[in-house]
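Take a look at the structure below.
Along the sequence shown, residues are numbered consecutively beginning with 1.
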Amino acid sequence: MINLEKGRRAFLQTLGLGLAGTAILGATGTSAQAQVAPDVTDADIVNFALNLEYLEAEFYLNAVNGSGLKAGDIQGVGAVGAVNGGGRAVPFSDANVRRYAFEIAADEEAHVRTLRAALGSAAVSRPRLDIDFAFTAAARAAGLIGPSDRFDAYANDNNFLLASFIFEDVGVTAYLGAAPLIRDKGILAAAASILAVEAYHAGIIRTTLFARGLIAQADAISNARDSLDGASDLDQGIDGLQSATPGFNRGDANLVPTDRNGLAFARTPGQVLNIVYLNTTQSPGGFIPGGLNGRLR
């Protein structure tokens, strides 16, 4: 098991590379702690994050380069999983969208390396990933395509942005809820940095979708995520009608999904897994069909 003090130092020493990604765990207050075993360590939480960083890094790197993580960045505890859907670079037509994609991809690759350095020999290997058909399943669930149609996340700028929206918003709400679960103050400080970078990424995607008029499509993805979250209506699309702030109307921008107090919401561990697995039972599937590597899965 990871030496927490050594891991904390590694976190702080490598923090200059940036820390961001998909979800660690999410929830607020004691509800988050009630959903995980009392002996769950900070190392377990960081490994949870690493699994999901693998997912984002593989998607973005393939979208910009047509290839994913290097062989030295995927080995660890547990079997290394294959990636379904790799090797597809997006033929970007908008130079700015291309630049955004390359910046996010570089961040995500650095995040994987940073988390692995912090964990050392305790780092889990890359799990089996699906960055192809899982997007089709998500698009069908959102009603973006018909029940027999396929959604190609790499076909064009718009599809890439909509695919990115599935991941980025989850990262913000999930990292917000990580604080009650993290014991080490150094790692907690790093998590605050993670949240900030994730919010920048999400802001880029939400703003670009709004500017390109993909409002209805983004809102449909938001509603689909909400169907996985449970009975509560947490998620928000980019149309003002979905904002929790009083006075917003259809057509107004909702680029920051906040409540009426201007605060972002958090997700529970189960909600995060349901979205990644694309089901309501936290059973492996969707983007990580074999399940996460590590204790939290």
Side-chain angles (χ1 to χ4, degrees), residues 21-27 31-32 34-37 40 44-45 47-56 58-59 78-79 81-86 124 126-153 159 162-178 181 202 217-237 257 265-297:
T22 321
I24 292 181
L25 289 175
S31 61
Q35 294 192 33
V36 296
V40 166
D44 295 327
I45 296 171
N47 262 321
F48 189 101
L50 177 59
N51 275 274
L52 299 165
E53 291 286 3
Y54 283 136
L55 173 60
E56 279 200 314
E58 290 290 355
F59 168 61
V83 179
N84 178 44
V124 296
R126 182 189 67 195
R128 183 158 61 95
L129 303 176
D130 187 323
I131 53 174
D132 182 16
F133 184 75
F135 286 114
T136 291
R140 288 176 181 175
L144 298 182
I145 57 175
S148 342
D149 297 330
R150 295 293 294 258
F151 179 85
D152 185 353
N159 282 17
L162 290 169
S164 301
F165 182 58
I166 296 173
F167 294 145
E168 293 302 340
D169 254 33
V170 176
V172 175
T173 56
Y175 271 112
L176 178 60
L181 301 170
Q217 294 91 328
D219 289 352
I221 291 172
S222 169
N223 290 334
R225 284 195 303 243
D226 244 336
S227 71
L228 297 172
D229 277 345
S232 57
D233 184 8
L234 294 175
D235 210 295
Q236 296 179 27
F265 69 92
R267 278 189 167 92
T268 68
Q271 289 168 333
V272 172
L273 289 176
N274 283 352
I275 293 172
V276 173
Y277 291 156
L278 295 180
N279 62 61
T280 59
T281 62
Q282 298 164 36
S283 302
F287 293 100
I288 309 184
L292 277 67
N293 284 329
R295 291 187 64 203
L296 300 179
R297 63 193 311 272

Requested in this report: Kindly write out the residues that satisfy ring-ring contact (aromatic ring centres under 6.0 Å, His included) with Phe287, not counting sequence neighbours, or none if the list is empty.
Outcome: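 Scan of Phe287 (ring-ring contact (aromatic ring centres under 6.0 Å, His included), adjacent residues dropped) gives Phe135, Phe167.
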With a 4.5 Å cut-off on side-chain heavy atoms, are [Y] and [X] touching?
{"X": "Leu296", "Y": "Asn47", "value": "no"}
{"X": "Leu144", "Y": "Asp149", "value": "no"}
{"X": "Arg140", "Y": "Arg150", "value": "yes"}
{"X": "Leu292", "Y": "Leu273", "value": "yes"}

Query raised in the report: Does Arg128 reach the main-chain N or O of Gly291 with its side chain, forming a donor-acceptor pair under 3.5 Å?
Result: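 It does not hold such a pair.
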**Report entry** Residues which pass salt bridge (Lys or Arg N to Asp or Glu O under 4.0 Å) with Arg126, listed by chain and number, not counting sequence neighbours
**Finding:**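 Glu58.
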Query - Contacts of type salt bridge (Lys or Arg N to Asp or Glu O under 4.0 Å), residue Asp169, not counting sequence neighbours - result: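 For Asp169 the salt bridge (Lys or Arg N to Asp or Glu O under 4.0 Å) partners, ignoring immediate neighbours, are Arg206, Arg225.
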State which residues pass side chain to side chain contact (heavy atoms under 4.5 Å, CB included) with [X]; sequence neighbours excluded, sorted by chain then number.
{"X": "Ser283", "result": "Asn279, Thr281"}
{"X": "Asp152", "result": "Arg88, Tyr154, Ala155"}
{"X": "Ala82", "result": "none"}
{"X": "Asp219", "result": "Ile215, Ile238, Asp239, Gln242"}

**Report entry** Leu181 vs Val40, side-chain contact (heavy atoms from CB on, under 4.5 Å): CA-CA, chis, key distance, verdict
**Finding:** CA-CA 9 Å; Leu181 301 170; Val40 166; over 6 Å; no
Query raised in the report: Rounded to the nearest 0.5 Å, what separation is found between the CG atom of Leu234 and the CG atom of Leu228?
Result: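 If we round to the nearest 0.5 Å, Leu234:CG and Leu228:CG are 12.0 Å apart.
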Query raised in the report: Ser148: what forms a side chain to side chain donor-acceptor pair (under 3.5 Å) with it, not counting sequence neighbours?
Result: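 Once residues adjacent in sequence are excluded, Ser148 has no partner under the side chain to side chain donor-acceptor pair (under 3.5 Å) criterion.
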Query raised in the report: Judged by modelled atom types alone, do Asp130 and Asn84 share a side-chain donor-acceptor pair under 3.5 Å?
Result: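 Side-chain D/A pair, Asp130 to Asn84: present.
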